[in-house]
> 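Got a structure for you, questions after.
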Number of protein chains: 2
Amino acid sequence: MIQFLGNMEAKADTKGRIFVPAIFRKCLQSEGEEFLVLRKDVFQECLVLYPGSVWEKEVEMLRSRLNKWNREEQQVFRQFVLDAERLEMDANGRVLIPKRYLRMVSIEGDVRFLGVDDTIEIWAKEKLEKPLVDPDEFSSKLQQLMA
Amino acid sequence: MIQFLGNMEAKADTKGRIFVPAIFRKCLQSEGEEFLVLRKDVFQECLVLYPGSVWEKEVEMLRSRLNKWNREEQQVFRQFVLDAERLEMDANGRVLIPKRYLRMVSIEGDVRFLGVDDTIEIWAKEKLEKPLVDPDEFSSKLQQLMA
DNA sequence: TTTTTTGTGTGGAATTGTGGGGAAAAGTGG
DNA sequence: CCACTTTTCCCCACAATTCCACACAAAAAA
């Protein structure tokens, strides 16, 4: 089971290419992942990189539970794949992020990679400067949820 | 098993020709698909491109569930194949979409190709600008499905 | 510390993808 | 049979992407 952990800075060059941090790369390689899927997060202004196998599992799961002859369910499936794209790393270990996606999450220069479970998130650097949740709220929320 | 993923822009020229995005083309080629079938989606205002083999499977599936000696069921089957058309790509990798179909889904200039499972959808660009499903509805649906 | 290796940032050149249009061929209606 | 539209085939220009090479910084090894 694949697990990413870390938070490192990187920058998109003028062509929209970004080096995937070496630790993540090694992780992907050792798991034999051939490709990645890039997707805009549904709720947050960030991008999500799924290792191929993780993506496939997710889609398979959805496909099996959403009937394509049902209007609403098919629409949900469509929404899920709407902002997703297959990517491959180049010889140097970079991914080319299409301009459209950079715009969607307003990335211009510096970014941060964030390992979150079995996916990798890409944020505009500024957005991760301040905490996502208020620290006090965070601790009490956590306490409450894990009780 | 063939799987399309992605969302890219393209435009219909004055003759109604549209380039099939290169990634999809490669996908089709590697699966040895010789032709495509175009159809208006049953539920949405968009066009669907089926790889030949996918279309055949779909029809077979319908055929097996719809009794041809039942007047109503046969009529449904007929309607399904009525709005469908066989297409081939030209030497440059374009498909010529008959005007009739463009009108059906009100495509005039820019379009978006959308990989959805084993089919490719063609939408008028504007229609994909805003979310297809209300975000709250989407999240609750997903939450419920993946629980 | 010095050297080597690995990781990251940059850019140019070649290739491929996309948008467009012209002219031949094939249908269509008078 | 002719004029006219539609379809098919071919070629061109430009933009985007891929490939390749290099420079440099950081980390690891000697």
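Chain A is the first sequence line, chain B the second, and so forth, proteins listed ahead of strands; every chain is numbered from 1. The structure presented is a predicted model; accordingly, all values stated were derived computationally and were not measured.
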> From CE of A/Met8 over to P of D/dA26, roughly how many Å is that when rounded to an integer?
16 Å
> Is any side-chain nitrogen or oxygen of A/Lys26 closer than 4.0 Å to OP1 or OP2 of C/dG7?
yes
> Between A/Glu72 and B/Lys141 (salt bridge meaning N to carboxylate O under 4.0 Å), is one present in this structure?
no
> Could you tell me how far apart A/Phe24 (CZ) and C/dG7 (P) are, to the nearest whole angstrom?
14 Å
> Can you tell me the distance, in whole Å, between the CD1 atom of A/Ile97 and the C1' atom of D/dT17?
14 Å
> Donor-acceptor pair, A/Arg39 side chain versus A/Phe80 backbone, under 3.5 Å?
yes
> For the side chain of B/Glu85 and the backbone of B/Leu38, is there at least one donor-acceptor N/O pair under 3.5 Å apart?
no
> Could you tell me whether B/Glu121 and A/Arg78 make a salt bridge, using a distance below 4.0 angstrom between a side-chain N and a carboxylate O?
yes
> Measure the distance from NZ on B/Lys99 to P on D/dT6 and round it to the nearest whole Å.
7 Å
> Could you state the CZ-P distance from B/Arg100 to D/dT6, rounded to the nearest angstrom?
16 Å
> Each nucleotide in nucleotides 8-15 of chain D should get exactly one letter: B, S or -. Can you fill that in based on protein heavy atoms under 4.0 Å?
BBBB----
> To the nearest Å, how far apart are A/Arg25 CZ and C/dG7 P?
6 Å
> A/Asp13 or B/Ala10: which one's nearest nucleotide on DNA chain C is closer to the 5' end?
A/Asp13
> For A/Ala22 and B/Ile23, find the nucleotide of DNA chain C closest to each by heavy atoms; which residue's nucleotide sits nearer the 5' end?
A/Ala22
> Quick one: A/Phe113 CZ to C/dG9 C1', roughly how many Å, whole number?
13 Å
> What is the distance, to the nearest angstrom, from the CE atom on A/Met89 to the C1' atom on D/dT17?
18 Å
> Check B/Glu9 with B/Lys11, please: is the shortest side-chain N to carboxylate O separation under 4.0 Å?
no
> Taking everything shown except A/Gln3 itself, do over 12 heavy atoms lie less than 6.0 Å from its CD?
yes
> Is A/Ser106 reaching over with its side chain to a backbone N or O of A/Arg103, donor-acceptor style, under 3.5 angstrom?
no
